[in-house]
There are 2 protein chains.
Amino acid sequence: MDRRQLKTRSAIFQAFNKLLEKKHFNNITVQEILDEANVGRSTFYAHFETKDALLRELCTDIFDHIFSQELHSESSHDFSSSNHGLKEKITHLLYHMKDNKGNVQGVLSGESGELFMRYFKEYLMKMFEQYPQSIRQDIPREFALNHLVGSLAEAVKWWIADRMEMPPEELADCYLKLIGYDS
Amino acid sequence: MDRRQLKTRSAIFQAFNKLLEKKHFNNITVQEILDEANVGRSTFYAHFETKDALLRELCTDIFDHIFSQELHSESSHDFSSSNHGLKEKITHLLYHMKDNKGNVQGVLSGESGELFMRYFKEYLMKMFEQYPQSIRQDIPREFALNHLVGSLAEAVKWWIADRMEMPPEELADCYLKLIGYDS
DNA sequence: TTGATAATGCACAAAGTGTTCGATATAATC
DNA sequence: GATTATATCGAACACTTTGTGCATTATCAA
């Protein structure tokens, strides 16, 4: 990929992210992104079809990076502990998010959090699908899976809104306790 | 309130709801609402400041109605069962949602589900704040509360997307089991 | 250096927004 | 039923935003 393209692309992402920290996605205009990124109008549309496409690509970029290890590491199926390595995976995930705090803060926190959740849960779903059902066998798997994913997404959102003050290990512990996966 | 006002107000709500079933909030124009509701442009702006205000008022209308009993009934503090009447409250809530299926479907299901969640969770939070901490005392109350509210909201959203096929009692049971509130 | 291509800036049509105002229709009151 | 109040209509308006087109300039890869 051309250096010029990479440069503008990252400038747009950065500007967009910065704006997302301050205001809601709906109230951000393309013009504002252009001004913030110092990029021409036609250049923007050469890269992204719409504002929605921009959000989609930003989320894909971020989550592909953050989840890369979690989704492909084989160390996940460690049956020595009862949670099958799930705690380790979640902890890693949280550390990666903390490392990429600058890149994710705008998307995750702020008024547009709901938009990010849609994408975030897609990735979490992929992660959880590898795991066996939790302790409760008397509940439809589809329902339980939805619960696990939704709860973790909510927990992470809460954690970020709280400025990531709780240590990742502690958050993972709390979460696993609440979903009954820790015994 | 003037009959004419009630008429247009409900016409706008109905039209908006219908549109929300098909497309995302962001992509719905005021003009479309006007056409669908058969209402003049100036009339719309006499009722609602913006499209966001319309959404807010619609959610307030719906949830005020659905939660009215849950939030004010004194029967909630029945300590005969371990869950302190929580199951009954949730069951009632789900029945009310089912009764108002026509009014809520557009807002709840479809592409704009995230928008509804924000308001829904506000009401759920009020409902849960009356209740004591769950079994786990080793978790920050703020975190646990967020978990309870978030999980229920996700469960209900899943239930609606699944066309409310699971009986309310069963959903309440599953949920209470998953959050460890049933023992 | 040279050919390719990305970015720029400007102009443009099209769509959407929110407001104004006189005319009309409909409700509430006597 | 006549009167008064007011909600709605509809058309016009200025304004913002959007997405596209195109000639010009700058930058990259070889």
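Any value given below was found using the heavy atoms of this structure, including those in side chains, with hydrogens, waters and symmetry copies removed. Just so it is clear, the structure is predicted and the values come from calculations on it, not from any experiment. Chain letters run A, B, ... following the sequence lines, proteins first and then strands; every chain starts at 1.
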With a non-hydrogen cut-off below 4.0 angstrom, is N38(B) in contact with a base, only sugar-phosphate, or nothing?
-> sugar-phosphate

Are [X] and [Y] close enough for a salt bridge, meaning some N to O gap below 4.0 Å?
{"X": "K22(A)", "Y": "E111(A)", "value": "no"}
{"X": "K121(B)", "Y": "E154(A)", "value": "yes"}
{"X": "D35(A)", "Y": "R41(A)", "value": "no"}
{"X": "E169(A)", "Y": "K87(A)", "value": "no"}

Report yes or no: do T43(B) and T8(B) form a side-chain donor-acceptor pair below 3.5 Å?
-> no

Could you state whether Y45(A) and L54(A) fall into the same hydrophobic cluster, counting links through intermediate Ile, Leu, Val, Met, Phe, Trp or Tyr residues with side-chain heavy atoms under 4.5 angstrom apart?
-> yes

Determine, using ring centers only, whether F48(B) and F13(B) are less than 6.0 Å apart.
-> yes

For the rings on Y119(A) and F63(A), is their centre-to-centre separation under 6.0 Å?
-> no

Cationic tip of K126(B) above F67(B) ring, under 6.0 Å, 45° of axis = no

Of M1(B) and D2(A), whose closest DNA chain C nucleotide lies nearer the 5' terminus?
-> D2(A)

Detail all sub-3.5 Å separations between protein N/O atoms and N/O atoms belonging to nucleotides 22-26 of chain C.
residue	atom	partner	partner atom	Å
dT26(C)	O2	R4(B)	NH1	2.7

Check whether any side-chain heavy atom of D64(A) sits under 4.5 Å from a side-chain heavy atom of Y123(A), and report yes or no.
-> yes

Tell me: CG of D35(B) to C1' of dC9(D), nearest whole Å?
-> 14 Å

Residues from residues 40-56 of chain A sitting under 4.0 Å of DNA chain C, heavy atoms only?
-> G40(A), S42(A), T43(A), H47(A)

For residues 5-12 of chain A, which residues have at least one heavy atom under 4.0 Å from DNA chain C?
-> Q5(A), T8(A)

If you check the T29(A) side chain, which of dA27(C), dT18(D), dT17(C) turns out closest?
-> dT18(D)

